[in-house]
Amino acid sequence: MITKMKKLTLFMSDTAIDVDANLTLLGQLGVLHVSPFQPAKDKSIERVDARIKQLQKAISILDLYENGQDLESGSISIPDYSNVERGEIELLERVLSVDNDQKQLEATAQRVNIDLAWFSKWGNISLTDIEKLREKDVFLRLYLLNDKEIKSITEREDIYVIGERNDFRQVLLIADDEDEKLDFQEVEWPQIQLEDAKDLLRDTENKQKENQNLLKLFSFQKNILKEALDERNRRLDVRNIQYEGISIDNQVGCWRGFIPEDVEDKFIEEAEINGWGYLIEEPSSEEIDEVPTLVRTSRWAKNIQPVMDFMGLVPGYKELDVSKVFMLFFTFFSGVLVGDAGYGLVFLLITFLVHRHQKFAKKVEYSLFYTLSFSIMIWGVLTGTYFGSELIAELPILRSLRIEQLASFGGDSLFIQKLMFLIGAIHLTIGHLQIAWRYINSVKAIAQIGWVAIIWGLYLIVSQMVLGITAPGIMIWLFVGGALLIALFSNPGTNFAKGMLSSLASLPLSIINGFSDIISYIRLYAVGLSTVLMAASFNQMALGDGVTTLASGIGAAIILILGHGLNMILAAMAVLVHGVRLNMLEYAGHASVEFSGNEYTPFKLKK
């Protein structure tokens, strides 16, 4: 159910120390969903945010040197920063400084290695001699040219081939004009002499090792930075809330928001202890769109929350809690859309292996995947579908578990399609009955009973038009009776005639939409059938001509693995697309749920 909310206006002392302390206590209480008076903007927020980014960067650097792996013994020592005033800042700055030094050393080493590679290709040429020649207006330029390029310049007397490198010739141009060049890519001279490069590389590598040892030592005190990061995150949260409120005469800070009704007493007790001023009242009709939605439902229904979060679905504060219906039918739809017990078993094993890798962490996502996997397996057993193989389905034990009318091979397709339309009618009916229960003390509930009659009239006419099943005579009375109840009770008010005409005017379009909504449930049959046919097709491709050689066996295995893997991915996508759609559009539309809410996210700090 959707928890009832109360509007809260909160007053606190506006001095810097009091605001920080009181808002920290408020965050530890963790019940107030704040509705900002204004966007949170202040230089202190920018400073804290910048410090958080620095701390995160420093921690990520030390993660690379966790626990001083391969720490070389030496005379390097560092202080215990937990005993140093503002030690976390000093540690932070040293880590970032050493890391920055490392990056500069890496750039130097890379540059020197390029020069050393040049000398290994062109020889130990004295850069001093090259510079002396330049002073005497003799300019040397180097090129790597192929045979075709060499032929285009063979007539020149200032060109010399001085060596070969793979399929290229090493060419020297001796010019007496500094601007004279060949129309080819020139090879640049190194930056420093060979011996200097070797010395610089050795010194650079030694400094890198020293820095690595230093960072390994710093990693032992990484928790100091983590604690500082937690504190800065707390400070940032407090600052954001602080500046989302308003100050009254620089004496009193004021905030507004919403709290669940069932924690009202808990909040009042805390407010009295800390001397906070407050005003708690019912949200006005103009404020309904601001009221956050807190859904509290049964444990099994919470399994649908990952899907709701992924799709960004939050019912409005005055809308229905659809989590139970959503979970129940989404589980059934998943089973029908995939409908292969073999695939369900694979999904179950994958979920188990991932869950075990996560040390069986208690996450709602795993409960959802286990539930969906079992649903797919159950429907696969009932329809006799195991990796799309009819041969496996005919095994005596598995055949005895199959419902022949639902069977994927040789079943009654007309019965299955009728069942899908029946499921659709039930699904939409539940939506209207939920609205009727909500208006149980109003005549509007009777109008929803009229809609239930219309839904079942549409079910009968769809069965007749699509499946050729003759509709009973009661069908016309379902439409007539339903339309009459809708016209009379949808818009109760002082102007009875106007309300009745308004209801009748919108009724035809609503009936057409209802017709298309019920038709839409045929996708369960169609997508489920396509999954089976694709699986059977891959089996035929792999095993149709038999496996007579090692090569054919390997080919068959590759086709089966890739084919069924692709089919499982498509089936999973179908669950996400069609399973969610039937709940989010068809059912939610008839339950008048627009998912227009904003989630209850209280200001909460760790204690």
Side-chain angles (χ1 to χ4, degrees), residues 2-53 229-264 266-268 270-271 274-296 308-309 312-319 594-607:
I2 294 178
T3 304
K4 188 175 181 181
M5 291 284 174
K6 288 292 187 70
K7 178 185 174 182
L8 169 67
T9 306
L10 177 63
F11 304 93
M12 295 179 181
S13 171
D14 197 31
T15 63
I17 296 177
D18 289 343
V19 166
D20 188 85
N22 284 321
L23 288 181
T24 298
L25 290 171
L26 180 66
Q28 291 174 349
L29 188 62
V31 297
L32 176 62
H33 176 100
V34 178
S35 292
F37 284 107
Q38 59 197 3
K41 291 183 180 180
D42 189 73
K43 290 184 178 180
S44 64
I45 295 177
E46 297 174 4
R47 287 195 299 270
V48 174
D49 188 52
R51 184 67 78 189
I52 287 173
K53 289 181 172 63
L229 178 61
D230 289 341
E231 167 58 20
R232 281 2 180 245
N233 281 324
R234 180 205 67 81
R235 201 175 295 177
L236 181 64
D237 290 340
V238 169
R239 292 288 185 276
N240 280 318
I241 296 299
Q242 177 181 347
Y243 291 99
E244 284 177 351
I246 58 174
S247 177
I248 303 173
D249 295 333
N250 294 321
Q251 297 293 322
V252 177
C254 178
W255 293 266
R256 63 178 179 181
F258 300 91
I259 61 173
E261 186 180 51
D262 54 8
V263 300
E264 181 180 346
K266 180 180 178 181
F267 173 82
I268 291 175
E270 189 73 18
N274 295 287
W276 302 340
Y278 59 88
L279 174 63
I280 298 176
E281 54 190 335
E282 294 290 339
S284 65
S285 56
E286 293 81 10
E287 296 169 328
I288 288 301
D289 291 340
E290 289 186 59
V291 182
T293 302
L294 172 60
V295 177
R296 289 186 177 134
M308 304 284 278
D309 292 341
L313 302 178
V314 181
Y317 178 64
K318 287 297 184 180
E319 294 178 347
E594 298 178 356
F595 299 105
S596 59
N598 61 93
E599 189 175 3
Y600 170 71
T601 52
F603 169 47
K604 183 179 292 188
L605 298 174
K606 294 180 180 179
K607 293 190 177 181

Just wondering, do [Y] and [X] contact through their side chains at under 4.5 Å, heavy atoms?
| X | Y | value |
| --- | --- | --- |
| Tyr600 | Val31 | yes |
| Leu605 | Thr24 | yes |
| His33 | Thr601 | yes |
| Arg234 | Asp20 | yes |
| Trp255 | Ile241 | yes |

[X] and [Y]: which non-hydrogen atoms are nearest, and at how many Å?
| X | Y | value |
| --- | --- | --- |
| Ser13 | Asp18 | OG-OD2, 3.0 Å |
| Asn598 | Glu290 | ND2-O, 3.7 Å |
| Ile259 | Glu264 | CD1-CA, 4.1 Å |
| Tyr317 | Ile288 | CD2-CD1, 4.2 Å |
| Pro260 | Thr3 | CB-CG2, 4.0 Å |
| Leu10 | Met12 | CD2-CE, 3.4 Å |

Q | N/O donor-acceptor pair under 3.5 Å between Asn274 side chain and Trp276 backbone | A | no
Q. Is it true that a side-chain atom of Tyr243 and a backbone atom of Gln38 form a donor plus acceptor pair closer than 3.5 Å?
A.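 Side chain of Tyr243 to backbone of Gln38, a donor-acceptor pair under 3.5 Å: no, none is there.
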Q: Look at Glu270 together with Lys266 and state whether they make a salt bridge at an N to O cut-off of under 4.0 Å.
A: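 Lys266 and Glu270: not salt-bridged.
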(Q) Check Glu287 with Lys7, please: is the shortest side-chain N to carboxylate O separation under 4.0 Å? (A) yes
Q) Does atom CD1 of Ile17 have more than 12 heavy-atom neighbours from other groups under 6.0 Å away? A)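 It does not: Ile17 CD1 has 12 such atoms or fewer within range.
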Q. What residue among Lys53, Arg51, Glu46, Arg47 forms side-chain contact (heavy atoms from CB on, under 4.5 Å) with Asp49?
A.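 It is Lys53, the one option of Lys53, Arg51, Glu46, Arg47 that forms the side-chain contact (heavy atoms from CB on, under 4.5 Å) with Asp49.
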Q: Decide salt bridge (charged side-chain N to carboxylate O under 4.0 Å, His left out) for Lys6 and Asp262; before the verdict, give the C-alpha distance in whole Å, the side-chain angles of both, and the deciding distance to 0.1 Å.
A: CA-CA 9 Å; Lys6 288 292 187 70; Asp262 54 8; over 6 Å; no
Q) For Glu599 and Thr293, does a side-chain donor sit closer than 3.5 Å to a side-chain acceptor? A) no
Q: Classify the angle between the aromatic ring planes of Phe267 and Tyr278 as parallel (below 30°), tilted (30 to 60°) or perpendicular (above 60°).
A: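 Rings of Phe267 and Tyr278: perpendicular, over 60°.
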